[in-house]
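Taking it in order: structure first as structure tokens, then the write-up.
Just follow the structure's listing: the first ligand is 1, and inside any ligand the first atom is 1.
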Amino acid sequence: MNDYLVKAIDKTKNLRLLTVNAKDMVAETQKRHDTWSASSAVLGRTLIGGLLLAAAGLTGEEELTVRLLGNGPVGATIVTAKADYTAKGYVQNPHIALPAKSDGHINVKKAVGQGWFEVTKDLGLKEPYTGQVPIVSGEIAEDFTYYLTKSEQIPSAVGLSVFVNPNNTIGAAGGFMLQALPGASDELIDRTVKRINALPQLSSAFLDGMTPEDLARKILGTDCKILEKQDVHYACDCSKEKYAEILATLKTSQLNDMINKDHGAELTCNFCGDKYHYSEDELKEILTKKDNQKD
Ligand code: ZN
């Protein structure tokens with residue numbers, strides 16, 4: 001595993017930066033959902049953005065879900081990321097490939113379309129918090145930036161990149177999330193924006209072996225401080241027990257149909273594609289528990 005994230009701060013301690021190489025994480029997601037180029041770019045960028053957002057603001061058991069709800073051909077894209085540097089996600093239509101743009105890049109904007117960008121944070125409180133903004137770009141990094149600035153009032157810059165090989169495997173994936181703290185001067189922000197605009201194309205740089213530390217120094221300057229380094233990985237927390245709990249919420253008649261007509265049930269996890277099979281006996285057990293709960 002070469003995937004890791006670094007947290008860095010500039011010399012004046014007014015700019016926080018997270019950079020990440022997430023190639024293995026995006027490659028695992030591509031394999032599990034058999035996504036084609038446009039779907040891989042949309043899901044991969046959202047996955048990296050969600051991971052960075054979680055790493056920037058969550059602690060302990062907290063998690064967040066990003067919903068990119070566009071009217072483009074890929075449909076809805078859902079990503080859940082946790083404070084423990086793991087993320088998972090899926091896209092409604094995995095088999096989307098579009099003609100490349102004139103610069104040769106994947107037409108992510110067209111794949112996403114117009115609609116809403118939503119972030120729900122589960123911070124262990126009674127009600128999860130949801131922030132929603134319109135999709136302003138569809139290129140996804142700009143949408144994360146807009147969300148952070150508008151909904152969380154944090155002046156930010158975000159870069160997200162996924163390089164898809166001609167055979168649909170993932171060649172490179174990574175990104176950054178920069179946040180300005182209230183003490184950041186206009187001069188400092190201007191200088192940093194200039195550095196970001198002068199960055200090499202991210203996917204080419206990652207393909208050439210750029211590390212998260214290299215990227216941090218390119219954005220914050222060579223005198224920045226690397227505070228933390230964390231492994232990141234793809235992870236789904238689904239289990240047969242968890243899906244049994246979902247089955248138990250079905251109506252008794254539906255469970256009886258599964259037992260008497262289908263003689264079993266098979267559920268597939270949307271996030272990771274793992275399948276869980278329940279035999280007639282296991283379904284009867286779920287039904288019995290459900291009946292007991294009613295008493
Ligand atoms: Zn799963």
> Mind checking who shares a hydrophobic cluster with Leu17, ILVMFWY linked at side-chain heavy-atom distances under 4.5 Å?
Replying inline: Leu15, Phe176, Leu178, Leu188, Ile196, Leu199, Leu202, Phe206, Met210, Leu215, Ile219, Leu220
>> Give me the number of protein N, O or S atoms whose distance to the Zn ion (ligand 1) is under 2.8 Å.
In response: 4
>> Could you work out, with salt bridge (Lys or Arg N to Asp or Glu O under 4.0 Å) as the rule, every residue matching Arg191, not counting sequence neighbours?
In response: Glu187
> Can you list every pair that meets side chain to side chain donor-acceptor pair (under 3.5 Å) and has a residue in residues 8-22, with sequence neighbours left out?
Replying inline: Asp10-Thr12, Thr12-Asn14, Arg16-Gln179
>> Under 4.5 Å between side-chain heavy atoms, counting indirect links through other Ile/Leu/Val/Met/Phe/Trp/Tyr residues: same cluster for Ile246 and Tyr90 or not?
In response: no
>> Is it the case that atom CD in Glu266 sees more than 12 heavy atoms from other parts of the structure closer than 6.0 Å?
In response: yes
>> Would a single hydrophobic cluster contain both Phe271 and Tyr276, if residues Ile, Leu, Val, Met, Phe, Trp and Tyr are joined by side-chain heavy-atom contacts under 4.5 Å?
In response: no
